[in-house]
Amino acid sequence: MFVKHQTRMCLLRHLLLPICLVGFCFFSVVFVSATPQEIPISQASPRTGGAQSPGPPVVKVVIRQDLNKKILIALIVSSTLLCITVMMILYLLLWRYRSMNNNSFNGIKGKSDSVKSSGSTKPVVHKVDSVTKGTIPVYEYQLLESGTNKFSDGNVLSRGGRGCLYSACLDGKSSVTVKRLDGGGETDIEKQFENEVDWLAKIKHQNIISLLGFSVYRQTRCIVYEMMQNGSLENRLHGPSQGSGLTWQLRMKIAVDIARGLEYLHEHCHPPVVHRDLKSSNILLDSDFNAKISDFGYATVLMTQNKNLNRPSEYLLDGKVTDKNDVYSFGVILLELLLGKRSVEKPSTEPESVVTWAVPKLSDRANLPNILDPAIKGTMDLKHLYQVAAVAVLCVQPEPSYRPLITDVLHSLIPLLPLELGGSLRIL
Ligand SMILES: Nc1ncnc2c1ncn2[C@@H]1O[C@H](COP(=O)(O)OP(=O)(O)OP(=O)(O)O)[C@@H](O)[C@H]1O
């Protein structure tokens, strides 16, 4: 409503000048037409007595010079009117073209007609109705531009396949993360952008990344998220620190956090949501190592290509997507946490999935301590280790129906996590 009102006001403002000019011309015409057209000159003879003799005829004298002047005025007025009408049409067309160009986005299911992000340089944040419920702040592009030092290289957190991620300071205090996607007209990027914003606008959970807002400017789409200071789980496990900062307990906390986020998607969202792109690079860690699931770009989009080898084979075969797909991906992450190996190792020849590498070895649990991530060797109760490994193997079963529900996974992990980290394990 607010945005519609604003649009109407803006239209009125733009039309005011032409309306005034037309009004002025209209009154000029009325005024000219209201002046006498003829000047009658009567030459009546003096009346004598009661007898009335027919007087001489009234002579109407039309002054020729005056007539010419009126024709001239009429011509000027009509040509001015014509000019103004043409100008008004051109002006309206130009205004419409400019507003379409500045805000060509028709996504978020039509809601972003309301996105008025480029008209002014004022750093204003509007709140508009989200797709379904709640509100999503719409940031002015200029605010994001200044918050990221004009999207400078110094602010780049990561360069992804679909765009760059920047750190930004929007209110002068806390920092946020801005994902900038260029090529918004391309349907693939547009769809992912819409998916991401649509889903995150609806989903609010402690273990799912928070959407702070978005912006649409020409072909550029930006999504603003909360800052996750400890980056991705992938980077923590396989980056320079090689998992040394992640203790056994912290790894269990991360596993439980992910399972909680997934349980929310599968069991508490109506209809259930399948993430479809769960992997360690999409698990983000905040300053307290709380894990949150991110990247909902594929949450409902049917994939034609499968870049993610974390995904189970049936995904490729018949394209059916069930919540068990996410359970498989969760199992892969659990194996990464236990073994410290990447989901897909890329040696010189064939890439090998951690599943095909680890599952045969895990058939004999006595092998487990030998293949465990060296960073956590000897730091946990062996019974707990076997239990977690058994859960991981169940999750990556080739047959989806043999995999457990994420809620069962969660409830088998909670007793292994200390009370102070959100589990139910009491350490005496
Ligand atoms: N909110 C955030 N706070 C801090 N770092 C983040 C945040 N979001 C993403 N990152 C970092 O940026 C990396 C890339 O994230 P992004 O979502 O841009 O990936 P992507 O471009 O979708 O790549 P891919 O398609 O391979 O998943 C993450 O792995 C993480 O390290």
Side-chain angles (χ1 to χ4, degrees), residues 137 139 144 147-148 151 153-170 174-184 186 188-201 203-215 220-243 245-246 254 257-258 261 275-301 303-311 326 329 332-333 336-337 342-344 346 351:
Y139 285 89
L144 303 185
T148 54
F151 296 102
D153 283 350
N155 285 54
V156 172
L157 288 175
S158 119
R159 289 183 199 276
R162 286 170 276 154
C164 272
L165 202 88
Y166 298 86
S167 67
C169 191
L170 303 183
S174 50
S175 59
V176 296
T177 309
V178 177
K179 186 189 270 186
R180 182 185 148 133
L181 304 162
D182 289 310
E186 291 164 36
D188 199 34
I189 289 187
E190 194 75 52
K191 265 188 191 167
Q192 282 172 20
F193 169 75
E194 283 185 38
N195 272 343
E196 178 93 350
V197 175
D198 278 0
W199 281 118
L200 289 180
I203 299 167
K204 305 277 174 231
H205 187 266
Q206 62 193 16
N207 299 116
I208 291 173
I209 189 86
S210 293
L211 171 76
L212 302 182
F214 70 95
S215 147
T220 303
R221 311 282 177 264
C222 292
I223 311 178
V224 185
Y225 306 95
E226 63 178 311
M227 172 59 82
M228 299 294 284
Q229 289 84 350
N230 279 308
S232 71
L233 176 60
E234 182 195 39
N235 194 260
R236 288 276 142 189
L237 276 177
H238 314 299
S241 65
Q242 290 288 300
L246 295 179
I254 291 167
D257 282 351
I258 303 168
H275 184 281
R276 297 205 266 177
D277 198 21
L278 200 69
K279 52 187 177 180
S280 56
S281 63
N282 287 338
I283 303 301
L284 302 176
L285 305 168
D286 72 9
S287 53
D288 294 325
F289 285 91
N290 295 305
K292 304 195 184 191
I293 301 172
S294 73
D295 205 342
F296 281 71
Y298 293 118
T300 56
V301 176
M303 289 279 291
T304 46
Q305 268 186 335
N306 188 353
K307 286 191 300 175
N308 181 5
L309 290 179
N310 287 7
R311 291 202 187 110
D326 286 346
S329 304
V332 174
I333 296 176
E336 283 184 72
L337 284 167
R342 286 182 182 275
S343 61
V344 181
K346 289 174 192 147

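Counting starts at 1 for both ligands and their atoms, in listed order.
At a heavy-atom distance under 4.0 Å, no atom of Asp277 approaches ligand 1. When non-hydrogen atoms are compared, ligand 1 lies under 4.0 Å from neither the backbone nor the side chain of Glu234.
Closest approach of Lys292 and Ile209 over heavy atoms only: CB-N, 3.8 Å. The minimum heavy-atom distance between Ala291 and Ile283, with the atom names listed, is CB-CG2, 3.9 Å. Shown here for Phe296 and Glu196, the closest heavy-atom pair between the two residues is N-OE1, 2.5 Å. Of all non-hydrogen atoms in Leu157 and Met227, the two that sit nearest each other are CD1-CE, 4.0 Å. Smallest separation of non-hydrogen atoms from Cys222 and Phe151: SG-CZ, 4.1 Å.
Short contacts between ligand 1 and Asn282, defined as distances under 4.0 Å to a heavy atom of the residue, involve ligand atoms 27 (O). For ligand 1 and Lys179, the ligand atoms under 4.0 Å from any heavy atom of the residue are 16 (P), 17 (O), 18 (O), 22 (O). For ligand 1, the atoms closer than 4.0 angstrom to any heavy atom of Ser232 are 29 (O), 30 (C), 31 (O). Atoms of ligand 1 lying under 4.0 Å from any heavy atom of Ser158, numbered from 1 in the order shown and given with element: 12 (O), 13 (C), 14 (C).
Close N/O approach between Tyr225 and ligand 1 is not found [any backbone or side-chain N/O within under 3.5 Å].
When each of Glu234, Arg342, Glu336 is tested with Ser280 by the rule side-chain hydrogen bond (donor to acceptor under 3.5 Å, both in side chains), just one qualifies, namely Glu336.
Taking only non-hydrogen atoms, the option from Arg180, Arg159, Glu226, Met227 nearest to atom 1 (N) of ligand 1 is Glu226.
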